[in-house]
Amino acid sequence: MIIYNETIIVDEGIHKQWLTWMQNEYIPMVMKTGHFNSYKILNVLDSPNEGVTYCIQYLTDDREKYNLFNDKHLQDLQAIHQQKFENQFVLFNTLMQTVS
């Protein structure tokens with residue numbers, strides 16, 4: 001299993017609005033690409049950062065599906081995210097593979 005993880009640190013003043021937008025707009029756009037089987041939204045409880053930290057994990061069967069998503073959709077989706085919440089979040093992503 002391949003997990004594409006987006007860790008987002010959101011300004012505290014807008015995190016509820018941001019989370020609602022992610023659940024109703026952004027994540028459905030990601031899932032409509034057809035490259036992921038499921039997703040999870042996690043809230044980091046002991047983050048040392050200012051703001052509220054979330055992780056969105058998208059799960060797919062193989063690396064090729066992620067590569068297609070990355071090549072065809074990621075840049076446009078991140079631009080939408082940036083435009084909607086400009087200067088109100090920091091995002092970094094990681095790609096992981098389950099071991100067992």
Side-chain angles (χ1 to χ4, degrees):
M1 182 70 57
I2 300 295
I3 302 168
Y4 168 61
N5 181 81
E6 293 184 329
T7 300
I8 306 107
I9 305 164
V10 183
D11 289 351
E12 192 164 342
I14 60 113
H15 84 93
K16 289 180 183 178
Q17 173 192 357
W18 175 87
L19 182 58
T20 298
W21 181 79
M22 288 294 286
Q23 292 170 316
N24 296 326
E25 305 278 334
Y26 186 82
I27 292 171
M29 285 188 284
V30 172
M31 296 306 293
K32 283 180 185 175
T33 67
H35 299 290
F36 298 102
N37 303 330
S38 62
Y39 67 92
K40 295 179 185 181
I41 302 172
L42 301 100
N43 180 229
V44 178
L45 298 177
D46 61 351
S47 175
N49 302 303
E50 289 186 28
V52 181
T53 303
Y54 292 93
C55 293
I56 315 296
Q57 296 184 339
Y58 302 97
L59 289 76
T60 188
D61 298 325
D62 59 59
R63 179 84 186 250
E64 184 57 30
K65 287 184 180 180
Y66 166 77
N67 290 342
L68 290 170
F69 170 77
N70 185 50
D71 293 344
K72 294 183 177 186
H73 305 285
L74 184 58
Q75 187 173 5
D76 291 339
L77 287 165
Q78 286 185 340
I80 292 168
H81 191 183
Q82 180 63 35
Q83 182 178 359
K84 178 76 176 172
F85 294 100
E86 188 171 7
N87 299 319
Q88 297 178 309
F89 72 95
V90 174
L91 180 145
F92 63 92
N93 50 39
T94 51
L95 189 62
M96 301 175 276
Q97 182 173 12
T98 56
V99 175
S100 59

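- Between the CG atom in Leu74 and the CG atom in Asn67 there is a gap of 11.5 Å [rounded to 0.5 Å].
- Under the 4.5 Å side-chain heavy-atom criterion for ILVMFWY residues, a single connected hydrophobic cluster contains both Met96 and Leu59.
- The side-chain hydrogen bond (donor to acceptor under 3.5 Å, both in side chains) pairs that include a residue from residues 84-96 are Tyr4-Asn93, where partners are two or more places apart or lie in different chains.
- Taking the six-membered ring where tryptophan is involved, the planes of Phe85 and His81 are perpendicular, since the angle between them exceeds 60° and thus also 30°.
- Looking at residues two or more places apart in sequence or on another chain, you find a side chain to side chain contact (heavy atoms under 4.5 Å, CB included) between Asn49 and Ile9, Ser47, Thr53.
- A continuous path of ILVMFWY side-chain contacts below 4.5 Å connects Ile80 to Ile8, so both sit in one hydrophobic cluster.
- For the atom pair Glu6 CD and Phe89 CZ, the distance stands at 9.0 Å (nearest 0.5 Å).
- Checked against the 6.0 Å centroid threshold, Tyr26 and Trp21 count as a close aromatic pair.
- We find the CG-OG1 distance between Leu91 and Thr7 to be 7.5 Å, quoted to the nearest 0.5 Å.
- Residues Met31 and Phe69 share a single hydrophobic cluster, defined by chaining ILVMFWY side chains whose heavy atoms lie under 4.5 Å apart.
- Within the model, atoms CE of Met22 and OH of Tyr54 stand 10.5 Å from one another, a figure rounded to the nearest 0.5 Å.
- Of the inter-residue distances, the one linking Gln57 atom CD with Ile41 atom CD1 reads 11.0 Å to the nearest 0.5 angstrom.
- Atom NE2 of His35 sits about 11.5 Å away from atom OH of Tyr66, to the nearest 0.5 Å.
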Self-check item: Criterion side-chain contact (heavy atoms from CB on, under 4.5 Å) on Val30 and Tyr39, from CA distance to verdict
Solution: CA-CA 10 Å; Val30 172; Tyr39 67 92; over 6 Å; no
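- For the residue pair Ile2 and Arg63, the shortest heavy atom distance occurs at CG1-N, 3.6 Å.
- The shortest distance between side-chain heavy atoms of Asn5 and Leu95 does not fall below 4.5 Å.
- Side-chain contact check for Val52 versus Trp18: every heavy-atom pair is 4.5 Å or farther apart.
- By the 4.5 Å heavy-atom criterion applied to side chains, Tyr58 and Ile27 are counted as neighbours.
- Thr98 is linked by a side chain to side chain contact (heavy atoms under 4.5 Å, CB included) to Met1, Ile3, counting only residues two or more places apart in sequence or in another chain.
- Using modelled atom types, no side-chain atom of Asp11 and backbone atom of Ile14 make a donor-acceptor pair closer than 3.5 Å.
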